[in-house]
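For reference, the structure discussed in these notes is given below.
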Amino acid sequence: MKNGDHLFLVDGSGFIFRAFHAIPPLNRKSDGLPVNAVSGFCNMLWKLLKDARNTDVGVTPTHFAVIFDYSSKTFRNELYDQYKANRTAPPEDLIPQFGLIRHATRAFNLPCIEKEGFEADDLIATYARLAEAAGADVTIVSSDKDLMQLVTPKVSMYDSMKDKQISVPEVVEKWGVTPDKMIDLQAMTGDSTDNVPGIPGIGPKTAAQLLEEYGDLDTLLARAEEIKQQKRRENIIANRAQALLSRQLVTLRTDTPLDVPLEDLVLETQDGPRLIAFLKAMEFTSLTRRVAEACDCDASAIDPATVPVEWGAEAHGPDLDKDEAPGPGTEGASGESAADAAETLLPTASADGYEPAQLARTRAARFSGQPIDHSAYVTIRDLATLDRWVADARETGLVGFDTETTSLDAMQAELCGFSLAIADNARDPSGVSIRAAYVPLLHKSGVGDLLGGGMVEGQIPMRDALSRLKGLLEDPSVLKVAQNLKYDYLVMKRHGITMQGFDDTMLMSYALDAGAGTHGMDSLSERWLGHKPIAYKDVAGSGKGAQTFDMVDIDRATAYAAEDADVTLRLWHVLKPRLAAEKMTTVYERLERPLVPVLARMEERGITIDRQILSRLSGELAQGAAAFEDEIYELAGERFTIGSPKQLGDILFGKMGLPGGSKTKTGQWSTSAQVLEDLAAQGVPLARKIVDWRQLTKLKSTYTDALPGFVHPETKRVHTSYALAATTTGRLSSSEPNLQNIPVRNAEGRKIRTAFIATPGHKLVSADYSQIELRVLAHVAEIPQLKQAFADGIDIHAMTASEMFGVPVDGMPADVRRRAKAINFGIIYGISAFGLANQLSIERSEAGDYIKRYFERFPGIKDYMDQTKAFARENGYVETIFGRRAHYPEIKSSNPSVRAFNERAAINAPIQGSAADIIRRAMVKMEPALADGGLSARMLLQVHDELVFEVEDAEVERAIPVIVGVMENASMPALSMKVPLKVDARAALNWDEAH
DNA sequence: GTCCGACCGTA
DNA sequence: TTACGGTCGGACG
């Protein structure tokens with residue numbers, strides 16, 4: 001084990017008890033075997049492991065073990081025969097689960113560790129300290145306070161049930177002392193559940209206060225006479241020996257003899273079939289399905305494992321009477337003959353030669369250029385035929401799905417029909433021949449009265465079709481495959497159908513190939529299938545002659561719509577194995593797919609805008625702009641189109657003969673705000689007027705005039721659309737309207753934000769990450785000063801200025817800090833002297849000097865940038881901390897400026913993209929967390945580092961800590977950040993005041 | 001009608 | 001110096 005490795009230690013015994021009491025009773029259907037703790041345990045492990053990626057980045061687990069108590073009798077009973085003496089026997093329903101959880105651990109292909117005479121905590125302590133000494137990071141998956149004494153900057157804990165990281169600050173917050181003082185604190189307070197005596201009358205608060213004053217227990221005992229409170233003094237003096245004994249009891253052993261060396265805890269790849277066999281034996285259907293999907297295994301082909309169940313108390317569990325316990329120590333040491341025998345019954349992995357990369361190649365070859373026959377598509381016109389298709393889809397468990405509607409806007413779209421594509425097993429049992437059908441529902445004939453003609457005959461009634469569709473789409477055991485699923489998901493949701501069990505080929509492509517081509521269906525089809533699908537405009541027309549899809553002839557519609565479902569399912573067959581082969585399954589499943597329903601709900605909710613405010617602002621802006629126009633014509637000596645950069649340039653630099661600044665790439669004089677500001681500074685009043693005029697007209701045309709047009713006629717709210725696969729870095733984008741660029745930077749623009757308001761009886765809550773990109777930089781580049789500054793919560797730009805310019809933080813001139821801030825941003829953007837000079841309006845040489853000095857003060861940054869560039873050149877892509885890839889195919893361009901641009905983008909992408917990953921994770925976790933808290937708060941908007949919620953007045957105080965907690969802990973458990981994440985949140989009646 | 005460049009709003 | 005989307009003017013057809 002080495003620096004950069006990361007060891008996960010799961011407190012298995014702790015988990016069993018906690019899960020048993022926290023998770024509602026769950027019994028195996030076939031025989032009533034209680035399995036709630038096993039279920040919780042398997043889900044927890046799966047979650048941890050799905051987050052864990054097998055890369056060489058080193059921030060995710062490289063080593064992993066689950067630790068158990070062997071029995072209740074340990075060396076501590078030699079010290080104190082009453083240790084844990086008041087524990088009662090475990091509940092009957094828990095007893096069989098001790099053994100099952102050990103089986104589960106092995107089915108997950110994880111080391112399962114226990115040691116006679118020691119508690120799990122001692123093993124954890126020993127492994128943690130060894131790993132730490134080797135330079136690795138450690139995450140202990142537990143929330144037990146007894147383990148908090150182990151926390152250090154390199155060792156943190158993770159409460160998997162609350163999804164909270166516990167590091168030094170959290171320990172201090174909870175107990176009032178740093179982790180290294182936890183032993184003394186516990187020695188003083190004792191522990192009634194473990195029967196550790198402590199000192200009577202001393203609780204956590206008093207203990208923390210005494211430790212604050214005296215430093216440690218020994219000093220306190222030595223100077224006990226000084227304590228003022230008589231009772232307390234007497235208690236401490238009288239119970240001196242008891243305190244020292246308690247300290248012995250609570251001190252975890254870091255010298256436990258280990259049967260399994262640290263090095264052997266290396267995290268192995270999953271054995272899909274073995275795990276599935278176990279899960280099937282437990283009858284955990286949904287987890288079985290998820291696992292099968294993740295490893296591309298066919299669960300139906302795997303038999304359930306034979307798992308022996310031990311109802312007797314002999315099976316080792318922490319609190320069972322173990323006098324006659326069998327002899328096994330650690331996994332594989334001995335004993336457990338029944339279990340060993342059972343495991344030989346498990347199917348072996350890869351018996352059928354499953355190998356993702358090979359499968360991906362086979363599939364790509366098979367589908368590329370395979371002809372697509374439109375004449376084979378069918379139109380489904382009656383319920384009986386639809387029922388047969390639905391039954392066939394259920395049979396194969398896999399169906400391509402697409403909706404046809406009247407609008408690209410999912411909130412306005414009317415459903416006209418839908419198409420299905422399924423494997424044609426009858427014709428080709430071995431594989432992947434596909435048949436497809438279109439189900440028209442609301443097609444109208446072109447002829448008829450002025451209202452657009454009547455319904456075409458031979459269409460299934462909407463109600464009947466939807467009822468059949470509901471059964472199929474809501475069944476999680478049938479995988480629906482769509483292209484740009486969010487659209488179809490939202491359309492179906494508006495018809496009362498909540499899809500479950502789905503994949504999205506667009507998002508698969510995005511996870512695999514962001515930056516390398518687009519992810520629309522037509523381009524994917526041409527790229528992977530060598531087939532150009534029928535163009536929409538060839539079916540429905542375009543421009544003025546365009547008709548809505550319900551007016552399209554049904555035969556034409558069938559060819560077009562069925563082909564979409566067909567192509568989508570073919571693309572799935574090509575892309576799905578690539579995810580596994582290229583190790584992008586986790587990115588897809590954690591950061592892409594789960595966001596579909598989350599974003600669909602946000603879009604569906606929308607946000608209220610106050611049209612009166614906007615209308616008033618529009619009036620004010622119009623007046624202001626008109627006044628500027630008169631003055632501008634006066635100063636220019638003629639009337640012209642102020643909004644035309646070309647005409648403006650001719651006036652300023654031609655007619656008036658002013659010195660031009662820069663030129664645009666087409667050779668025109670630039671009239672950018674920067675150029676005009678420079679002219680204004682040189683005493684050209686016209687320039688200032690133009691700048692001001694532009695600001696007003698921009699606000700009016702882009703915001704105050706445009707936004708009311710987006711108010712939905714029924715909901716009366718504004719529903720933006722988020723694009724999941726639009727950026728190279730992993731950010732979302734927002735359009736129609738874009739709610740990610742609502743003004744905020746100056747007072748005039750901010751007025752627009754006051755028009756975004758909460759529903760009566762509610763508040764808007766805005767929660768945003770503080771400096772998330774710089775924190776990510778500190779994390780990935782391992783910059784000691786940055787990490788320290790964030791840990792201490794000090795002003796990061798001031799710290800940078802202080803390091804660079806030797807100016808003390810106290811009383812620092814604003815301009816010095818401003819420069820440092822610009823440099824920090826520059827670093828994130830892949831700095832160049834040219835760009836920094838531009839930003840700060842200084843000479844290139846001076847900017848170059850700044851950069852040089854920055855790199856001298858923070859050499860790690862230079863290393864990081866060089867390494868990132870080298871990685872991008874070598875691989876053609878870069879990676880975020882969660883493994884998302886951004887491709888830069890032009891990074892080796894022979895054109896120096898193209899190359900330099902790609903290098904800067906490649907340096908920026910891991911930083912911007914990691915931040916995007918973090919907020920994506922927060923968004924996925926947010927709704928369950930709010931529901932757990934009994935909160936009805938609704939997430940409405942995302943603006944890259946900010947989430948906006950609508951919260952009932954009475955809930956605001958409870959909701960804010962939940963929201964902040966989810967966001968600050970969003971990276972867990974996949975990785976623990978080396979820098980804390982900080983979130984600020986505020987509630988108000990409108991977005992301006994909440995932000 | 002459609003496309004592109006310039007400009008500017010956000011993180 | 002990174003990442004976006006919207007509006008406008010103006011050129012093209």
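Below, chain A is the first sequence line, B the second, and so on; all start at residue 1.
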With a 4.0 Å limit, can you tell me whether [X] has a side-chain N or O closer than that to the phosphate oxygens OP1/OP2 of [N]?
| X | N | value |
| --- | --- | --- |
| Arg904(A) | dT2(C) | yes |
| Thr671(A) | dC7(B) | yes |
| Thr666(A) | dA6(B) | yes |
| Thr729(A) | dC4(C) | no |
| Arg745(A) | dG9(B) | no |

Touch class at under 4.0 angstrom, heavy-atom based, for [X] against every strand present:
| X | result |
| --- | --- |
| Ala706(A) | sugar-phosphate |
| Glu946(A) | nothing |
| Ala916(A) | nothing |
| Ile831(A) | base |
| Phe901(A) | sugar-phosphate |

For dT2(C), is there a stacking contact with Tyr829(A), counting only centres under 5.5 Å and planes under 30°?
yes

What's the verdict on side-chain contact (heavy atoms from CB on, under 4.5 Å) for Lys982(A) and Gln771(A), showing C-alpha distance, side-chain angles and the deciding distance?
CA-CA 8 Å; Lys982(A) 181 165 173 276; Gln771(A) 308 283 10; over 6 Å; no

Among the candidates [options], find the nucleotide nearest to the side-chain atoms of [X].
| X | options | value |
| --- | --- | --- |
| Thr727(A) | dT1(C), dA3(C), dT2(B) | dA3(C) |
| Ser832(A) | dT1(C), dA3(C), dT10(B) | dT1(C) |
| Ala726(A) | dT10(B), dG5(C), dG6(C) | dG5(C) |
| Leu836(A) | dT1(C), dC8(B), dT2(B) | dT1(C) |

Round to a whole Å and report the spacing from [atom1] of [X] to [atom2] of [N].
| X | N | atom1 | atom2 | value |
| --- | --- | --- | --- | --- |
| Asn746(A) | dC8(B) | CG | C1' | 12 Å |
| Ile919(A) | dT10(B) | CD1 | C1' | 14 Å |
| Gln695(A) | dT7(C) | CD | C1' | 16 Å |
| Leu739(A) | dG6(C) | CG | P | 10 Å |
| Leu699(A) | dT10(B) | CG | P | 9 Å |
| Leu732(A) | dT10(B) | CG | P | 19 Å |

The residue among Thr728(A), Thr727(A), Asp504(A) that forms side-chain hydrogen bond (donor to acceptor under 3.5 Å, both in side chains) with Tyr510(A) is Thr727(A)

Can you spot which of Arg731(A), Arg884(A), Arg590(A), Gln912(A) makes a side-chain hydrogen bond (donor to acceptor under 3.5 Å, both in side chains) with Asp917(A)?
Arg884(A)

Donor-acceptor pair between Tyr703(A) and Ser618(A) side chains, under 3.5 angstrom:
no

Got a second to check how far Lys751(A)'s NZ is from Asp992(A)'s CG, nearest 0.5 Å?
11.0 Å

Looking only at N and O atoms, is any donor in the side chain of Asn738(A) or the base of dG5(C) less than 3.5 Å from an acceptor on the other one?
no

Using a distance-only criterion (donor-acceptor N/O pair, under 3.5 Å, no hydrogens), is the base of dA6(B) paired with the side chain of Arg694(A)?
no

Filtered N/O pairs between nucleotides 8-12 of chain C and protein, under 3.5 Å:
unit_1  : atom_1 : unit_2    : atom_2 : d
dG9(C)  : O3'    : Ser644(A) : OG     : 3.1
dG10(C) : OP1    : Ser644(A) : OG     : 2.4
dG10(C) : OP1    : Gln647(A) : NE2    : 3.0

Show your working on ring-ring contact (aromatic ring centres under 6.0 Å, His included) between Phe628(A) and Trp693(A) and close with a plain yes or no.
CA-CA 6 Å; Phe628(A) 278 120; Trp693(A) 177 87; 8.9 Å; no

Contact check, side chains of Phe882(A) and Ser971(A), non-hydrogen atoms, under 4.5 Å
yes

Closest contact, heavy atoms only, Gln942(A) versus His944(A):
OE1-N, 3.0 Å

